[in-house]
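Right, one structure below, let's go through it.
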Amino acid sequence: MQTLAEGLRLPTNGLDYAILAIYFVVVLGIGFMARASVKTSLDFFLSGRSLPAWVTGLAFVAANLGATEILGMAATGAQYGVAVVHWYWIGAIPAMVFLGLVMMPFYYRSKVRSVPEFLLQRFDRSAHLLSSVLFAFAAILIAGVNLYALSIVVEALLGWPQWVAIVVAGLFVLVYITIGGLSSAIYNEVLQFFVILAALIPLTVLGLKRVGGWDAMSDSLTKQHGGDFMTAWGGTGIGDANPLGANWLTIILGLGFVLSFGYWTTNFAEVQRALSAKNLSAAKRTPLIAAFPKIFIVFAVMIPGLVAAVIVPKIGTPDSDLTYNDAIPLLMQELLPNGVLGIAVTGLLAAFMAGMAANVSSFNTVFTTDIWQRYVVKDKPDTYYLRFGRLITAIGVLASIGTAFIAASFSNIMSYLQTLFSFFNVPMFVVFIIGMFWKRASMKSGVWGLVAGTAAAMINYFWIYKGGIIDIPSDQGANFVSAIVGFVAGGVVMVVVTLFTAPKPEAELAGLVYGTESPSPDEELEEADKAWYRKPALLGWGAIVLAAACYIPYSF
């Protein structure tokens, strides 16, 4: 990732540092308070399945408010314009609704502690072990991205050396997760959600005021970049050239279906928040509640990027010393007074720590329950796995500090993460979706689908794209294509393997394949209140309709 311009050093004072210090004290305080509720390994890894939907819903969206959301999406807005809305209204909302309405009943009723554990029930041990290893590896890599992004921001804005920022942030995350487990991470993510908004909203409002409002900003950027810059779909016809390097078909299939559904429905860093809900209704509502703020967060990250492109017309070009990644720090320096500046810096740090904490807490669950307990050290008392969970959390944080420097070899955070998602999340999604909707899918087809999907996505990216065999205009476009290739390859191999191997006995598929589930006793008793806001279907369709309505101004 490119470093931020040194001229962006912020004029922070004692008030700003006091706000930052108060935030860190509160974070640690939440961790110590959550410690009292951690009695068993289920409490540590899934909060004892006891949290209300509004808490898990806000944690669900906050867990995604990491490096890509704050710096990456603002940078994407400055570079590509209004096209950044695709990552939200096409690349998130439909998949979040699908997770809540279709997939959460399978996850929650099966009482699994992780996403890979569901594959063990639906397929076999080989699919389970491979998916566990792939997910644990990806979680550490992604946690490292958040740490590295945080370090370069802190170095540029506050003057701390990168290694100091990495170690300090890593240790804070280590302390509050190790002490309070998932409950600590989730309650801190709820706090972080509001702190992040408190940082982004002033930037958005003051930025628009600085450039004369939306209409003036739109006129200026249209003159600089052409009419397509301020529309969502402009220039995305098949065969048309556009900076994004993707046409409408690859946007819808690659981003809107394969990458989006692969991330939101199988990424345990997100699903874990829903699994910690107190009952099935709350679990189903978790991603649906998260979908509503997700619809509008795009404005809080896109508009600062657009404003930065107006203030510095040549941002991101060789004629400027500012990169696209400098959009948010630039506005913080230009617009925010002390005090508010301290809140903004705190919000940035909160965003990075939320992303890291989500991946570390999901890593410790998968490694402990799916790898260590299942295959290495079996049949120990629950207290043993609770202690081991805390130990592997520390190891995971240390590993994340190491992988933080791997991110330095990539020029763009977003491209790096989308590459990881196409390698790890997409193959898992195709195995899930076929296994959940096709009873005949055999036990052995799961592991071979994972192998084929991961290999095909890597071959497309490293050999076909990087090797120049096929000309794809950008890394983002290559990621969309890799995702499609991985999905198709995994699906085809699963079908072929199924034709030559034995299916799972139908008696063992109850609740694991669509159409075979039977309501659990708890489900009939869990919610006597039938208010509309407790009905997941209404929440889900409401989120989709609202997101679709937001597209209207950008469609012309």
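If you read the sequence from its start, that first residue is 1, and numbering goes on from there. For clarity, every value in this text was computed on a predicted model and none was experimentally measured.
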Classify the ring geometry between Phe257 and Phe261 as parallel (under 30°), tilted (30 to 60°) or perpendicular (over 60°).
tilted
Between Ala139 and Ser362, which heavy-atom pair has the shortest distance, and what is it?
CB-OG, 4.3 Å
At what distance, to the nearest 0.5 angstrom, does OG1 of Thr419 lie from CG of Leu141?
11.5 Å
Do Ser482 and Ser422 have side-chain atoms, one donor and one acceptor, less than 3.5 Å apart?
no
Which heavy atom of Phe429 sits nearest a heavy atom of Val258, and at what distance?
CD2-O, 4.4 Å
Criterion side-chain contact (heavy atoms from CB on, under 4.5 Å) on Tyr107 and Leu275, from CA distance to verdict
CA-CA 8 Å; Tyr107 284 139; Leu275 286 177; 3.9 Å; yes
Please examine the side chains of Val345 and Asp16, heavy atoms only from C-beta on, and report whether any two atoms are closer than 4.5 Å.
no
Could you go step by step and tell me if Met104 and Thr286 meet the side-chain contact (heavy atoms from CB on, under 4.5 Å) rule?
CA-CA 9 Å; Met104 278 317 303; Thr286 293; over 6 Å; no
Would you confirm whether Trp264, through its side chain, and Gly91, through its main-chain N or O, come within 3.5 Å as a donor-acceptor pair?
yes
State whether the number of non-hydrogen atoms from other residues, nucleotides or ligands found under 6.0 Å of Phe137 atom CZ is greater than 12.
no
Which pair of heavy atoms, one from Pro202 and one from Ala198, lies closest together, and at what distance?
CD-O, 3.0 Å
State the CG-CG distance between Leu259 and Leu253, to the nearest 0.5 angstrom.
11.0 Å
Compare all side-chain heavy atoms of Val366 with those of Pro116 and state whether any distance is below 4.5 angstrom.
yes
Please report the shortest heavy-atom distance between Ala59 and Val190, naming the atom on each side.
N-CG2, 4.2 Å
Drop me the distance from Ile19's CD1 to Leu341's CG, to the nearest 0.5 angstrom.
9.0 Å
Rounded to the nearest 0.5 Å, the OG1 atom of Thr76 sits from the CE atom of Met302 at a distance of 12.0 Å
Side chains of Tyr88 and Met73, heavy atoms from C-beta outward: is any pair under 4.5 Å?
yes
With a 4.5 Å cut-off on side-chain heavy atoms, are Leu99 and Phe60 touching?
yes
Test salt bridge (charged side-chain N to carboxylate O under 4.0 Å, His left out) applied to Glu189 - qualifying residues, sequence neighbours left out:
Arg273
Non-hydrogen side-chain atoms of Val451 and Leu130 separated by less than 4.5 Å
yes
With side-chain hydrogen bond (donor to acceptor under 3.5 Å, both in side chains) as the rule and sequence neighbours excluded, what pairs involving residues 287-313 come up?
Asn64-Lys294, Glu69-Lys294
Closest approach of Val115 to Thr266 (non-hydrogen atoms, all atoms of both residues)
CG1-O, 3.6 Å
So salt bridge (charged side-chain N to carboxylate O under 4.0 Å, His left out) across residues 206-218, not counting sequence neighbours, yields Arg210-Glu334
Relative to the ring of Tyr461, is the ring of Phe423 parallel (under 30°), tilted (30 to 60°) or perpendicular (over 60°)?
perpendicular
Atom pair CD1/CD1 of Ile343 and Ile196 - distance to nearest 0.5 Å:
13.5 Å
Indicate whether any N or O donor in one side chain lies under 3.5 Å from an N or O acceptor in the other, for Gln192 and Tyr23.
yes
Answer yes if the side chains of Gln224 and Ser220 hold a donor-acceptor pair under 3.5 Å, and no otherwise.
yes
What's the shortest heavy-atom distance between Ala483 and Val426, and which atoms?
O-CG1, 3.4 Å
Can we call the ring centroids of Phe135 and Phe424 under 6.0 Å apart?
no
Quick check: do Phe98 and Thr265 have side-chain heavy atoms less than 4.5 Å from each other?
yes
Heavy atoms, side chains only, cut-off 4.5 Å: are Tyr465 and Val481 in contact?
no
Step through it carefully: locate the ring centre of Trp214, locate the ring centre of Phe299, and say whether they are under 6.0 Å apart.
no
Has the side chain of Asn359 got a donor or acceptor atom that lies under 3.5 Å from a matching backbone atom of Ile142?
no
Derivation of the side-chain contact (heavy atoms from CB on, under 4.5 Å) call for Leu58 and Ile186
CA-CA 9 Å; Leu58 292 181; Ile186 285 180; over 6 Å; no
Test item: Phe432 and Phe437 side chains (from C-beta on) under 4.5 Å apart, heavy atoms:
no
Give, for atom CG of Leu203 and atom CD1 of Ile328, the distance between the pair rounded to the nearest 0.5 Å.
5.5 Å
Working note: Phe229 + Val82, criterion side-chain contact (heavy atoms from CB on, under 4.5 Å); need CA distance, chi angles, decisive distance, verdict.
CA-CA 6 Å; Phe229 197 77; Val82 173; over 6 Å; no
